[in-house]
Amino acid sequence: MKSETRHFNKALLLSSSLATVLALLVIVNGCGGNMSNPMMAAGPTASFAFVANSGSGNVSALAISSSGGLSAVAGSPFAAGAGAEFLALDSVHKFLFVSNQNAGSLSVFSINTSTGVLTPVPGSPFPTASTPHGVAVDPAGKFVFVGNESGSVSAFSISSTNGALTPVPGSPFPATSPFGVAISTSGKFLYVTNTNTGSGLSPSSISTFMIDATTGSLTAVNSPITTGTTPIGITADPNGKFLYLGEHMTESVGTFSADPSTGALTRVGSAPAPPASCGVSCHLAPLRVAIHPNDQFMFVSNVGANSISVFNINNGPTPATPTMATGQHPFGMALDTMGNFLLVANKVDNNISSFAVNSTSGGLMPVSGSPFSSGGSAPAGVVIVAKQ
């Protein structure tokens with residue numbers, strides 16, 4: 001089965017640098033360590049992080065202190081499924097959704113936002129098609145969608161009472177080779193990245209589906225738009241004007257404007273140039289994407305370079321920046337609700353880097369004690385909820 005790690009290994013055969021495609025704007029200084037620290041930095045708990053551990057098939061719950069330190073929640077980690085990797089939250093942070101790529105299922109947990117404890121909802125985990133990856137919940141919290149790399153999108157309605165899932169009529173819906181998924185801020189459209197890495201397949205692309213607001217069924221609209229090779233992470237900006245994605249194997253980050261009425265996408269700027277020859281040291285291999293709540297900065301994990309790039313997007317195109325060092329193979333990232341801290345899951349090191357974020361410049365600074373133990377094996381995804 002395919003995985004982001006396998007795509008990363010293929011990326012090492014390519015040769016280019018994201019810096020040759022984009023122009024320098026924001027300077028970010030600092031470095032990360034590579035030893036896990038299980039202790040929490042001083043300060044009361046401000047929020048909770050949930051980490052999908054793909055190697056151990058579970059979800060760690062970590063308390064985040066007011067200074068950005070991490071410590072395990074009582075009872076953590078919580079069992080999910082084999083290959084747990086992508087996570088999503090509903091808009092009110094009542095439920096957590098975790099795709100289990102090796103188990104072909106979606107785990108759902110109710111969240112205690114006072115303690116950080118997770119409880120499986122009735123019937124969890126729920127079967128999907130094979131190799132589920134990206135997960136997204138519509139803004140109303142009625143439906144959850146899962147991109148199955150095997151060639152479909154699974155859609156479920158969510159019980160507002162207990163979080164149990166019911167397949168939407170017609171699910172799973174045919175697709176090409178879904179990996180990442182994102183929903184427009186209006187909740188009208190679902191965007192799906194198609195990696196298309198097999199021999200003889202069409203170019204990598206983004207497909208657009210219209211979401212039926214009553215039933216949650218999907219209808220393909222517009223033609224798929226070609227992207228750089230192997231688009232993985234995809235996210236919509238909070239204002240609903242743009243989509244951003246990591247074009248993993250062409251060493252680029254794509255910006256696409258989105259028509260709010262039709263869902264049609266248009267690439268902003270030029271398509272990525274074919275990679276030029278270079279050594280392994282120049283490979284960034286951008287993977288996942290996160291947007292700061294102020295919609296001015298974007299963070300991209302570079303799995304090939306063990307770093308995070310910070311982009312000054314200013315609600316538009318993405319000029320490149322220098323990078324901040326992380327642990328080995330940074331995968332998922334998440335910002336807290338206020339945008340004060342960025343957490344990065346380092347898959348090989350089994351730890352989490354924690355950075356304080358300068359909301360004016362987008363600059364990153366490792367917090368005291370970082371990195372912290374992930375509490376599981378091969379952490380690949382992370383989300384954050386505020387303590388209540």
Side-chain angles (χ1 to χ4, degrees), residues 86-91 97 99 101 104 106 126-158 165-197 201-228 230-247 254-267 288-289 291:
F86 284 84
L87 308 94
L89 299 161
D90 65 327
S91 59
F97 303 84
S99 64
Q101 67 170 321
L106 183 68
F126 300 89
T128 64
S130 62
T131 327
H133 291 299
V135 185
V137 182
D138 76 306
K142 295 173 60 178
F143 308 109
V144 59
F145 303 93
V146 185
N148 306 303
E149 195 177 8
S150 53
S152 66
V153 176
S154 295
F156 301 91
S157 59
I158 306 168
L165 303 184
T166 302
V168 162
S171 178
F173 297 91
T176 306
S177 55
F179 209 107
V181 297
I183 296 178
S184 64
T185 53
S186 66
K188 292 175 59 177
F189 302 104
L190 175 73
Y191 297 101
V192 178
T193 62
N194 301 303
T195 53
N196 293 343
T197 56
L201 294 179
S202 57
S204 298
S205 63
I206 305 173
S207 294
T208 304
F209 296 88
M210 182 175 287
I211 302 171
D212 187 296
T214 302
T215 67
S217 63
L218 300 177
T219 302
V221 295
N222 310 314
S223 297
I225 184 168
T226 299
T227 68
T230 319
I232 301 291
I234 181 171
T235 191
D237 82 273
N239 289 330
K241 295 180 180 179
F242 300 97
L243 281 180
Y244 301 103
L245 71 156
E247 296 166 315
T255 302
F256 298 83
S257 62
D259 187 302
S261 299
T262 66
L265 299 176
T266 303
R267 190 176 190 106
R288 305 276 189 91
V289 182
I291 305 294

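Along the sequence shown, residues are numbered consecutively beginning with 1. Small disclaimer: the values here were computed from a predicted structure and weren't measured.
Only one option out of Ile183, Asp90, Thr185 pairs with Pro139 in a side-chain contact (heavy atoms from CB on, under 4.5 Å); it is Ile183. Tested against Phe97 for a side-chain contact (heavy atoms from CB on, under 4.5 Å), the candidates Leu89, Ile158, Leu87, Val146 yield a single pass: Ile158.
Partners of Ala155 by side-chain contact (heavy atoms from CB on, under 4.5 Å), not counting sequence neighbours, listed by chain and number: Phe145, Val168, Ser171, Phe173. Applying the side chain to side chain donor-acceptor pair (under 3.5 Å) test to Thr235 and every residue at least two apart in sequence or in another chain returns nothing.
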request  = Any chance you could lay out the side-chain hydrogen bond (donor to acceptor under 3.5 Å, both in side chains) test for Asn194 and Ser177, step after step, and finish with the verdict?
outcome  = CA-CA 5 Å; Asn194 301 303; Ser177 55; 4.5 Å; no
request  = Start with the C-alpha gap between Asp212 and Thr219, add the side-chain angles, then the distance that decides, and say whether side chain to side chain contact (heavy atoms under 4.5 Å, CB included) holds.
outcome  = CA-CA 8 Å; Asp212 187 296; Thr219 302; over 6 Å; no
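Smallest separation of non-hydrogen atoms from Val137 and Gly141: CG1-CA, 4.0 Å. Here the closest non-hydrogen pair linking Pro231 and Thr227 is CG-OG1, 3.4 Å. The heavy-atom pair separating Ser157 from Phe143 by the smallest distance is CA-CD2, 3.9 Å. Nearest heavy-atom pair, Pro132 versus Gly104, reported as atom, atom and distance to 0.1 Å: CD-CA, 3.8 Å. When every heavy atom of Ser150 is checked against every heavy atom of Ser130, the shortest pair comes out as OG-O, 2.7 Å.
Side-chain polar atoms of Asn222 and Thr208 form no donor-acceptor pair below 3.5 angstrom. Checked by atom type, the side-chain pair Ser154/Thr128 shows no donor-acceptor distance below 3.5 Å.
At least one side-chain heavy atom of Thr230 sits less than 4.5 Å from a side-chain heavy atom of Ile232. A 4.5 Å side-chain heavy-atom check between Val289 and Ile234 finds every atom pair outside the cut-off. With a 4.5 Å cut-off on side-chain heavy atoms, Ile225 and Phe256 count as touching. Side-chain contact between Pro174 and Ser152 is absent, with no heavy atoms from C-beta onward closer than 4.5 Å. By the 4.5 Å heavy-atom criterion applied to side chains, Val192 and Ile206 are not counted as neighbours. Side-chain contact between Val153 and Asn148: absent, with no pair of heavy atoms (C-beta onward) separated by less than 4.5 Å.
Here the OG1 atom belonging to Thr193 is positioned 10.5 Å from the CG atom belonging to Leu243, to the nearest 0.5 angstrom. The OG atom of Ser261 sits 5.5 Å away from atom NZ of Lys188, with the distance rounded to the nearest 0.5 Å. Note that CZ of Arg267 is 11.5 Å distant from OG of Ser257, once rounded to the nearest 0.5 Å. Residue Ser223 holds its OG atom at 11.0 Å from CG of Leu265, rounded to the nearest 0.5 Å. The line from CZ of Phe189 to CZ of Phe209 is 13.0 Å long, rounded to the nearest 0.5 Å. Between Ser207 atom OG and Leu218 atom CG the span is 11.0 Å, to the nearest 0.5 Å.
Not one N or O on the side chain of Asp138 forms a donor-acceptor pair closer than 3.5 Å with the backbone of Gly187. Remark: side-chain polar atoms of Ser99 are not paired, donor with acceptor, to backbone N or O of Gln101 under 3.5 angstrom.
Relative ring orientation between Phe179 and His133 is described as parallel, the plane-to-plane angle staying below 30° on a 0-90° scale split at 30° and 60°.
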